[in-house]
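Structure first, commentary second.
All residue numbers refer to positions in the sequence shown, counting from 1.
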Amino acid sequence: MPHPIEIQNLRLRYPETGRVVLHGIDMVVRQGEVKLLLGPSGSGKSSLALTLNGLIPHQMEGEIRGVVLINGVDTTTTQVAALTTQVGLLFQDPDAQIATLTVADEVAFGMENLRVPPAEMPARIDTALARVDMAGMNGRGTDALSGGQKQRLSLASTLAMGAAILVFDEPTANLDPAGTTSFFDLLSRLKAEGATILIIEHKLDDLIARVDSVAVLGLDGKIAADGPPTQVLQEQRELLHELGVWVPQVTELANALTTCDVTLNPYPLTIEDAVAAIKNGPWLWNNRVSQATQPDHTGGESGADGIPALQIEDLTYRYPSGTLALN
């Protein structure tokens with residue numbers, strides 16, 4: 001049985017500039033897997049994503065050598081319309097992906113282009129919206145949605161067209177921390193439902209525990225590392241630092257401690273991992289360190305004069321659309 005995504009010796013060159021962006025890429029994303037693609041700016045991550053649903057080379061000019069397979073189907077010889085029913089691509093700017101005025105119309109838009117029978121659309125719209133926590137919002141205006149809701153709406157449109165392979169190119173770039181966590185929770189649920197996911201992302205603290213494997217794309221357009229998250233982040237920490245790739249904060253902590261001859265075991269990917277590793281570490285804290293890390297229970301005010309730097313009382317805010325944001 002073919003893998004959902006399989007790339008063999010992929011080389012991509014943009015004829016207009018003559019630049020070779022990808023050079024000999026070999027990569028597999030297995031059924032039900034969440035794969036994280038890391039790499040510095042300009043390494044070709046977005047270009048790689050665009051080859052997966054045929055936008056390159058069918059809609060955007062690019063010379064491809066090698067093979068890009070989606071469920072065994074070659075994207076270079078298959079039209080984009082056929083590929084959209086198998087693989088969906090979500091970009092970082094929510095506003096750039098919405099074409100209609102209401103939520104229901106937006107979910108229907110892709111299906112209309114695929115000539116889905118109108119009688120089938122209402123049920124598919126309701127199902128797709130429910131999967132992204134937007135049930136009952138069919139009549140809501142798209143201009144009244146938050147950034148996170150717009151991203152989920154774009155995802156619902158993709159799901160309604162039948163895509164079970166999802167490719168995300170920095171989907172939380174314009175979302176706040178709460179929206180980011182909510183979106184990552186949604187990815188975990190989609191994985192549990194059987195989706196296969198490739199995600200390009202920089203916000204790793206809430207994402208990394210949900211990832212099955214990590215691939216690193218270097219500035220030379222080649223895969224520099226590929227494997228389980230712990231293996232890549234620990235064994236390739238010097239490479240990631242040289243490339244300027246963001247890593248989870250607890251990973252930065254673990255790497256910094258190695259310079260003091262302290263190795264956290266197991267190597268942490270999450271705050272919970274780090275807390276457990278530090279508590280169970282084979283070292284002894286001296287009294288000075290122990291006392292310095294004890295919480296201050298004196299009840300003193302922060303700030304030299306005891307005046308709060310910021311104070312909010314009884315704040316309520318409602319958007320012009322009527323949505324209550326703060327209460």
Side-chain angles (χ1 to χ4, degrees), residues 1-6 27-38 45 48-49 52-53 70-71 83-94 97-98 103-104 106-111 114 116 123-138 145-215 228-229 269-270:
M1 182 174 180
H3 296 298
I5 298 175
E6 186 169 359
M27 190 174 72
V28 168
V29 184
R30 294 170 175 81
Q31 177 63 44
E33 182 179 20
V34 176
K35 194 177 193 76
L36 171 64
L37 180 61
L38 296 177
K45 301 185 300 296
L48 178 60
L52 298 177
N53 70 345
I70 296 296
N71 290 323
L83 291 168
T84 55
T85 62
Q86 299 186 61
V87 56
L89 181 56
L90 195 68
F91 299 99
Q92 59 182 273
D93 184 359
Q97 302 169 99
I98 293 178
V103 167
E106 184 65 24
V107 180
F109 183 72
M111 291 190 287
L114 294 175
V116 172
R124 288 174 68 165
I125 290 171
D126 290 343
T127 298
L129 289 175
R131 292 180 71 186
V132 300
D133 298 327
M134 294 184 68
M137 298 179 66
N138 305 50
L145 302 177
S146 68
Q149 288 171 331
K150 290 177 180 178
Q151 283 293 55
R152 294 202 297 275
L153 174 58
S154 296
L155 178 56
S157 301
T158 295
L159 295 172
M161 289 188 285
I165 302 170
L166 305 173
V167 180
F168 299 105
D169 190 353
E170 298 188 41
T172 69
N174 295 311
L175 304 187
D176 62 18
T180 296
T181 300
S182 176
F183 193 84
F184 290 157
D185 287 342
L186 174 57
L187 296 194
S188 295
R189 293 209 312 273
L190 291 173
K191 177 191 174 181
E193 294 172 7
T196 300
I197 298 172
L198 175 67
I199 181 168
I200 301 166
E201 186 57 80
H202 293 301
K203 300 178 184 178
L204 303 185
D205 294 291
D206 289 330
L207 174 64
I208 196 67
R210 313 167 195 263
V211 169
D212 299 302
S213 65
V214 177
L269 297 179
T270 67

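- Side-chain contact between N71 and P4 is present, with heavy atoms from C-beta onward closer than 4.5 Å.
- No donor-acceptor pair under 3.5 Å is formed between the side chain of D169 and the backbone N or O of I200.
- In this structure, the side chain of E33 does not engage the main chain of K35 through any donor-acceptor pair within 3.5 Å.
- Rounding to the nearest 0.5 Å places CG of L36 at 4.0 Å from CG of L38.
- With rounding to the nearest 0.5 Å, the separation of CD in Q86 from CD1 in I5 is 11.0 Å.
- Of the possible donor and acceptor atoms, none in the side chain of R131 sits under 3.5 Å from a partner among the backbone N and O of T127.
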- Task: For side-chain contact (heavy atoms from CB on, under 4.5 Å), just list the numbers for S182 and R152, CA-CA rounded to whole Å, side-chain angles, deciding distance to a tenth of an Å, and then say yes or no.
- Result: CA-CA 10 Å; S182 176; R152 294 202 297 275; 3.8 Å; yes
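- Residues F183 and F168 bring their aromatic ring centres within 6.0 Å.
- Side-chain contact between F184 and E201: present, with at least one pair of heavy atoms (C-beta onward) separated by less than 4.5 Å.
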Listed pairs under 3.5 Å, donor-acceptor, residues 160-167 side chains, sequence neighbours left out:
none

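- V29 and I197 make their closest contact through CG1-O, 4.1 Å (heavy atoms, listed as atom of the first residue, atom of the second, distance).
- Considering CD1 of I98 and CG of L145, their distance stands at 6.0 Å, rounded to 0.5 Å.
- Although no hydrogens or angles enter the test, the distance criterion places a donor-acceptor pair under 3.5 Å between the side chain of T196 and the main chain of G32.
- The two residues A156 and A128 make their nearest non-hydrogen contact at O-CB, 3.4 Å.
- Under 4.0 Å is where a charged nitrogen must lie from a carboxylate oxygen, and between K191 and D212 at least one such pair does.
- Two residues are said to be in side-chain contact when any heavy atoms from C-beta on lie closer than 4.5 Å; L153 and V132 fail this criterion.
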- Query: Do Q149 and M137 pass the side-chain contact (heavy atoms from CB on, under 4.5 Å) test, and can you show the C-alpha distance, the side-chain angles, and the key distance before you say yes or no?
  - Reply: CA-CA 10 Å; Q149 288 171 331; M137 298 179 66; 3.7 Å; yes
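- Note that CG of L155 and CE of M134 are 10.5 Å apart. Values are rounded to the nearest 0.5 Å.
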- Task: Using the salt bridge (charged side-chain N to carboxylate O under 4.0 Å, His left out) rule, take D93 and K150 through it: C-alpha gap first, then chi angles, then the decisive distance, then the call.
- Result: CA-CA 9 Å; D93 184 359; K150 290 177 180 178; over 6 Å; no
- Message: If you apply the rule side-chain contact (heavy atoms from CB on, under 4.5 Å), what do you find for V214 with V211, and how did you get there?
- Response: CA-CA 7 Å; V214 177; V211 169; 4.0 Å; yes
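- Side-chain atoms of P171 and I199, non-hydrogen and from C-beta on, do get closer than 4.5 Å to each other.
- Two residues are said to be in side-chain contact when any heavy atoms from C-beta on lie closer than 4.5 Å; R124 and M111 meet this criterion.
- A heavy-atom distance below 4.5 Å is found between the side chains of M27 and L198.
- With rounding to the nearest 0.5 angstrom, the CG atom of L90 is 9.5 Å from the OG atom of S157.
- With a 4.5 Å cut-off on side-chain heavy atoms, Q97 and Q151 count as touching.
- A donor-acceptor contact shorter than 3.5 Å links the side chain of T181 to the backbone of P177.
- Note that the CD1 atom of I125 and the CG atom of L159 stand 13.0 Å from one another [nearest 0.5 Å].
- Inter-residue side-chain proximity for D206 and D185 is flagged as unmet; no heavy-atom pair is nearer than 4.5 Å.
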